[in-house]
Student: 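Sharing a structure here in structure tokens format.
Letters A, B, ... mirror the listed sequences (proteins, then strands); counts begin at 1.
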There are 2 protein chains.
Amino acid sequence: MSYGKKKMHLNLFLRNTGHHEASWRHPGSDPNGVTDIDYYIKLAKIAEAGKLDSLFLADSYGLPPTMQFLVQQALEPFTLLSALAIATSRIGLIGTASTTYYEPFHVARKFNSLDHISRGRAGFNIVTSTGNATAFNFGAAPLPEHTDRYERAGEFMEVAKGLWDSWEEDAIVADKEQGLYVDPEKLHEINHVGRHFHVKGPLNLPRSPQGHPVLVQAGASDTGREFASRMAEAVFTAQNTLEDGRSFYADVKGRMAKYGRSPAQIKILPGFCPVIGDTSAEAKEKERELNELTQPEYGVYRLSNLLKMDLRGYPLDGPLPFAELAENHEINSQKARHQLYLELAQRENLTIRQLILRTATSRGHYSMSGTPIEIADEMERWIVQGAADGFNLMPPYFPSGLEEFVDKVIPELQNRGLFRTDYEGTTLREHYGLERPERSSSRQSVISAQ
Amino acid sequence: MSYGKKKMHLNLFLRNTGHHEASWRHPGSDPNGVTDIDYYIKLAKIAEAGKLDSLFLADSYGLPPTMQFLVQQALEPFTLLSALAIATSRIGLIGTASTTYYEPFHVARKFNSLDHISRGRAGFNIVTSTGNATAFNFGAAPLPEHTDRYERAGEFMEVAKGLWDSWEEDAIVADKEQGLYVDPEKLHEINHVGRHFHVKGPLNLPRSPQGHPVLVQAGASDTGREFASRMAEAVFTAQNTLEDGRSFYADVKGRMAKYGRSPAQIKILPGFCPVIGDTSAEAKEKERELNELTQPEYGVYRLSNLLKMDLRGYPLDGPLPFAELAENHEINSQKARHQLYLELAQRENLTIRQLILRTATSRGHYSMSGTPIEIADEMERWIVQGAADGFNLMPPYFPSGLEEFVDKVIPELQNRGLFRTDYEGTTLREHYGLERPERSSSRQSVISAQ
Ligand SMILES: Cc1cc2nc3c(=O)[nH]c(=O)nc-3n(C[C@H](O)[C@H](O)[C@H](O)COP(=O)(O)O)c2cc1C
Ligand SMILES: Cc1cc2nc3c(=O)[nH]c(=O)nc-3n(C[C@H](O)[C@H](O)[C@H](O)COP(=O)(O)O)c2cc1C
């Protein structure tokens, strides 16, 4: 055992039957469980038994036209996380909401409410949405441009923070004798007037246990990284290699100083998808079996969609049409993921089929097969070499991919002094070593520029 | 004991420290409990032990400027009800959402998700909002006119129902062998194009256990009653007297035939606020003690706000200025409640102070003090005389006002054969004797008029 090492943070990325696109066909998976609350309670309890910092639900508000190939429906994050708050007691609960398709009052209130209900375990993954399957459920207009989405996101967060700070900590007096419930001097309107929002405030809930939810973001573009370094407290990211991870880590942390923030105020969590075997050969075999369950028709769709180019005419066992792809200027969203795929294909000289299989496990996130020792080695490398503060754990299939990690990899990480052996705090902020934000009073009655 | 009687339905209207405006000052109340999940779990479990059909959370998205006088903040319904779904197993969970300040996709999805999570216990109280405290948190415009709100509500519900029906019951095949997850023929876009909404669909969740949540409404105006008789399955209402209750009951049920619905398809639940004592004198004394805790300054504010006229200049112990009030044409929302107050003051010849006290217990809902026998007698009268199918129970203070009802009144109702002695079903629909709606396929791909 070794002490004094930097401990890593672990977030469980919960996702229906797992992160491998064929996970629902895995013999151990329960594709009917994905709308069953007991299924999620079971997974959350396994993660909590493993002392993970948090669990996380991604979200969108539409369905892609590929439902025949895999599970893509999902219980709604606020409802599911509130239910899980009662079934668990320590693990953090991170939900996704889109600043493009929500009103800030609703989102600020729901996260505040979840933070009260969970006694300080709420986290907010701030997204701006990606794609028209969501857009066309909220009007006739397609997804707004990337810059517009981030601009709205900035104003959205200004409003949300204002609302979270609209009650002073000691606003509730509750003096039964005098009949004074709230000190009216300690309740503040925000009077926000901006390009996207007019919001008067105050919020109809007092400040929550964590002050506000932990702010999580996954911006990959330049604008996205800037947004993250200005306000995120944790960052999810997809990285192909440890090298790429290091440069992303340095880049985001390097941007923080100009906002008066220190690098420790953001935890960087690259996606990590482990296929675990008792021997390396067994792990490889498991991966092969999973890949055999993938459906090329879906793979081609997924790749075409991401690369914004119809690849159906190209031979599966030939290379990507790099020249045509380079001429493609339509990429409005997911530009960074797009580049990540192209780089991967070029670096490893992959055919279309091989690229599909390479990304089937975790859609471009780092994925590896190996023994618990090999996996712990790799995780340690990322931490020690400055590519990560922890990981966004993406088990290829549930529940066994998670169970194996908790049973075999976590003890190995604990033995190395790389992971907690028990929770030390009760809030999500405490798990991540993040400070509870002071209430900002400067925001009161400030009228933003029109 | 008598069998064969029509059984009543009971819904618990959960509301911070209770329905009496001074409830938070009651010696037994816990004004700090109102953001504490354990407080609500305790109340929900008491209600479930009493075999109540459901519990209900009202909601708005703003705070009135009277926080110094009483508790008015509230945990958010979707998060709180989802948490309560885990802490209970049978009781129905009715939440409020405004069709004026929400997008139908979000609301349809959340209720569907809550219905999955609670295994068929979700109910949706459809409201159009009342007042600018909410409006100014969603833009610069004041609350839209009454007719516009109901028009949007109609279109909103058309979209929501379309989304709830966008998956056929057997759409999920989950054939691991063939690799077919969903039968794409059984998933339907709704392609709604209307004045307020463009929504493509389908929903990103399969049809829920109840088909869709039980639809609840509390329309009091002519438009509101029409809306309720067209689509509600339960109606909340505030009635001063049994006589008024009978005429409301007959009116709403009478409107249903033209929509091809039978009277049994709506359960009418007037508000009922009992102050319970072991003797009539004790009950009266409890009521007097509560009223003594009210604050006239707040009472005048509340009355002025409802009657849309500043009453601060008028002597508390004099009559209402009926002539001036009659000239008041500004009433955009809560018109029916306004009339109810005026009628009450006129019929009972009340001073301003007396009207304030008469409505302090339950804001115009029927309220009485008495022994458990007297209370059961009155409830029986309402049922037998065709004024109610059950009640919206509004305990004046929590938890004891609820405990007394469950311990003393429920057994009396059970002895008379007026209330169930155990749950017979597991879903909210089963508790209320409402049918599970068939999926309507006529709604597919229908383009509404622009
Ligand atoms: C782990 C992870 C989870 C994400 N979850 C969501 C999500 O739930 N909903 C969503 O719309 N986008 C999600 N995204 C996309 C990001 O929010 C972001 O849009 C994307 O990484 C591209 O970055 P950019 O917006 O700065 O170009 C996720 C990204 C990552 C890496
Ligand atoms: C028991 C009860 C509960 C109600 N709950 C809400 C609520 O939570 N939010 C809201 O905006 N309105 C609520 N209302 C107001 C009604 O939705 C409705 O607007 C009001 O009764 C006036 O009727 P009208 O809209 O047809 O004029 C409630 C009314 C009653 C009687």
Student: Out of curiosity, Thr35(A) OG1 to Arg207(B) CZ, how far, rounded to the nearest 0.5 Å?
Tutor: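 Rounded to the nearest 0.5 Å, the OG1-CZ separation comes to 14.0 Å.
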Student: So which part of His196(B) gets closer than 4.5 Å to some heavy atom of chain A, the side chain, the backbone, both or neither?
Tutor: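 The answer is neither part of His196(B).
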Student: Report yes if the side chains of Leu63(A) and Leu187(B) come closer than 4.5 Å at any heavy-atom pair, otherwise no.
Tutor: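 Of all side-chain heavy-atom pairs linking Leu187(B) with Leu63(A), at least one is under 4.5 Å.
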Student: Given 3.5 Å as the limit, does a donor-acceptor pair link the side chain of Asn137(B) with the main chain of Val199(A), or not?
Tutor: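 No, Asn137(B) side chain to Val199(A) backbone: no donor-acceptor pair under 3.5 Å.
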Student: Quick one: what part of Pro65(B) sits under 4.5 Å from any heavy atom of chain A, side chain, backbone, both or neither?
Tutor: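 Contact with chain A: none, neither part.
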Student: Counting only non-hydrogen atoms closer than 4.5 Å, does Glu103(A) touch chain B with its backbone (N, CA, C, O), its side chain (CB onward), both, or neither?
Tutor: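 Answer is side chain: those atoms of Glu103(A) sit under 4.5 Å from chain B.
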Student: Can you say whether Glu185(A) sits under 4.5 Å from chain B via the side chain, the backbone, both, or neither, judging by heavy atoms?
Tutor: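 When you check distances to chain B, no heavy atom of Glu185(A) falls under 4.5 Å.
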Student: So which part of Gln295(B) gets closer than 4.5 Å to some heavy atom of chain A, the side chain, the backbone, both or neither?
Tutor: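 Just its side chain gets close to chain A.
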Student: Between Asp183(A) and chain B, which part of the residue has a heavy atom less than 4.5 Å away: side chain, backbone, both or neither?
Tutor: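 When you check distances to chain B, no heavy atom of Asp183(A) falls under 4.5 Å.
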Student: Taking every heavy-atom pair that is under 4.5 Å apart, which of Pro77(A), Pro31(A), Pro27(A), Ala22(A) has the most such pairs with chain B?
Tutor: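 Looking at each option in turn, the highest pair count goes to Pro31(A).
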Student: In terms of heavy-atom pairs under 4.5 Å with chain A, which of Gly62(B), Ala141(B), Ser118(B) leads?
Tutor: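 Maximum pair count with chain A is reached by Gly62(B).
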Student: State the CH2-NZ distance between Trp24(B) and Lys176(A), to the nearest 0.5 angstrom.
Tutor: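 Going from CH2 on Trp24(B) over to NZ on Lys176(A), the span is 8.5 Å.
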Student: What part of Phe197(A) gets within 4.5 angstrom of chain B, counting heavy atoms only: side chain, backbone, both, or neither?
Tutor: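 Neither; nothing under 4.5 Å.
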Student: Has Lys200(B) got a side-chain atom pairing as donor or acceptor with Ala135(A)'s backbone, closer than 3.5 angstrom?
Tutor: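 Checked: no pair found.
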Student: Given the options Arg119(B), Gln68(B), Glu177(B), His116(B), which has more heavy-atom pairs under 4.5 Å with chain A than any of the others?
Tutor: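 Option with the top pair count is Gln68(B).
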Student: At a 4.5 Å cut-off on heavy atoms, which part of Ser208(A) comes close to chain B: side chain, backbone, both, or neither?
Tutor: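 No part of Ser208(A) comes within 4.5 Å of chain B.
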Student: Please determine, by modelled atom types, if Ser82(A) and Ser82(B) share a side-chain donor-acceptor pair under 3.5 angstrom.
Tutor: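 Judged by distance alone, the side chains do not pair up.
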Student: Would you say the side-chain atoms of Asn204(A) pair up with the backbone N or O of Ser60(B), donor to acceptor, closer than 3.5 Å?
Tutor: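 Indeed, once roles are kept as given, a pair shorter than 3.5 Å links the two residues.
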Student: Who wins among Tyr101(B), Phe105(B), Trp167(B), Phe69(B) for the most heavy-atom pairs under 4.5 Å with chain A?
Tutor: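 Option with the top pair count is Phe105(B).
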Student: Taking atom CD of Glu169(B) as the centre, report whether more than 12 heavy atoms of other residues, nucleotides or ligands fall under 6.0 Å from it.
Tutor: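 Yes, enclosed.
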Student: Hey, is CD on Glu289(A) packed in by over 12 heavy atoms from elsewhere, all under 6.0 Å?
Tutor: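 Buried by this count: over 12 neighbours within 6.0 Å.
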Student: Checking heavy atoms, do the side chain of Val34(B), its backbone, both or neither come under 4.5 Å from chain A?
Tutor: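 Just its side chain gets close to chain A.
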Student: Between Asp175(A) and chain B, which part of the residue has a heavy atom less than 4.5 Å away: side chain, backbone, both or neither?
Tutor: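 Only the backbone of Asp175(A) comes within 4.5 Å of chain B.
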Student: Does Asp59(B) reach the side chain of Arg109(A), with side-chain heavy atoms less than 4.5 Å apart?
Tutor: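 SC-SC contact between Asp59(B) and Arg109(A) confirmed.
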Student: Please classify the contact of Asp115(A) with chain B as side chain, backbone, both or neither, using a heavy-atom distance under 4.5 Å.
Tutor: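 Nothing of Asp115(A), per the 4.5 Å heavy-atom cut-off to chain B.
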Student: Can you tell which part of Leu205(A) gets under 4.5 Å to a heavy atom of chain B, answering side chain, backbone, both or neither?
Tutor: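 When you check distances to chain B, atoms from both the backbone and side chain of Leu205(A) fall under 4.5 Å.
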Student: So, are Glu76(B) and Lys110(A) salt-bridged, with charged N and O less than 4.0 Å apart?
Tutor: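 Salt bridge present between Glu76(B) and Lys110(A).
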Student: Please state whether the side chain, the backbone, both or neither of Pro104(A) comes within less than 4.5 Å of a heavy atom of chain B.
Tutor: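 The answer is neither part of Pro104(A).
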Student: Are any of the side-chain heavy atoms of Ile86(B) and Leu84(A) separated by less than 4.5 Å?
Tutor: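 Side chain of Ile86(B) against side chain of Leu84(A), heavy atoms only: no contact under 4.5 Å found.
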Student: Between Leu180(A), Asp38(A), Asn32(A), which has the largest tally of heavy atom pairs under 4.5 Å with chain B?
Tutor: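 It is Leu180(A).
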Student: So which part of Val173(A) gets closer than 4.5 Å to some heavy atom of chain B, the side chain, the backbone, both or neither?
Tutor: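 Neither part, no heavy atoms under 4.5 Å.
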Student: Side chain from CB out, backbone as N, CA, C, O: work out which of these in Leu75(A) comes under 4.5 Å of a heavy atom of chain B, or both, or neither.
Tutor: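 Contact with chain B: backbone and side chain both.
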Student: Select one option (side chain, backbone, both, neither) describing which atoms of Ala85(A) are under 4.5 Å from chain B's heavy atoms.
Tutor: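 For Ala85(A), there is no contact with chain B at all, as no heavy atom is under 4.5 Å.
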Student: Side chain from CB out, backbone as N, CA, C, O: work out which of these in Leu70(B) comes under 4.5 Å of a heavy atom of chain A, or both, or neither.
Tutor: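 Leu70(B) touches chain A through backbone heavy atoms alone.
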Student: Any idea which of Pro206(A), Pro202(A), Gly179(A) has the most non-hydrogen atom pairs under 4.5 angstrom with chain B?
Tutor: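 That would be Gly179(A).
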Student: Among Thr66(B), Thr294(B), Asp36(B), which residue has the highest count of heavy-atom pairs closer than 4.5 Å to chain A?
Tutor: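 Most heavy-atom pairs under 4.5 Å with chain A: Asp36(B).
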Student: Side chain, backbone, both or neither: which part of Leu203(B) has a non-hydrogen atom closer than 4.5 Å to chain A?
Tutor: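 Answer is backbone: N, CA, C or O of Leu203(B) sit under 4.5 Å from chain A.
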Student: Are side-chain heavy atoms of Met67(A) and Pro184(B) found at a separation under 4.5 Å?
Tutor: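 Not in contact.
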Student: Flag the one option from Ala174(A), Ala74(A), Ala87(A), Ala133(A) with the top tally of heavy-atom pairs under 4.5 Å to chain B.
Tutor: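 Among Ala174(A), Ala74(A), Ala87(A), Ala133(A), the one with the most close pairs to chain B is Ala74(A).
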Student: For the side-chain hydrogen bond (donor to acceptor under 3.5 Å, both in side chains) test, which of Gln73(A), Gln72(A), Arg25(A) pairs with Tyr181(B)?
Tutor: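 Of the listed residues Gln73(A), Gln72(A), Arg25(A), the side-chain hydrogen bond (donor to acceptor under 3.5 Å, both in side chains) partner of Tyr181(B) is Gln73(A).
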Student: Roughly how far apart are Phe136(B) CZ and His192(A) NE2, rounded to 0.5 Å?
Tutor: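 Reported to 0.5 Å precision, the distance equals 15.5 Å.
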Student: Heavy-atom distance under 4.5 Å to chain A: side chain of Phe78(B), backbone, both or neither?
Tutor: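 Contact with chain A involves both backbone and side-chain atoms of Phe78(B).
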Student: According to the interplanar angle, ranging from 0 to 90°, do the rings of His106(A) and Phe138(B) count as parallel (below 30°), tilted (30 to 60°) or perpendicular (above 60°)?
Tutor: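 Taking Phe138(B) first and then His106(A), their aromatic rings sit tilted (interplane angle of 30° to 60°).
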Student: Could you tell me the separation between the CD1 atom of Ile37(A) and the CD1 atom of Ile117(B), rounded to the nearest 0.5 Å?
Tutor: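 One finds 4.5 Å between CD1 of Ile37(A) and CD1 of Ile117(B).
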Student: By a 4.5 Å heavy-atom criterion (distance strictly below it), what part of Asn132(B) contacts chain A: side chain, backbone, both, or neither?
Tutor: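 It is neither, since no heavy atom gets under 4.5 Å.
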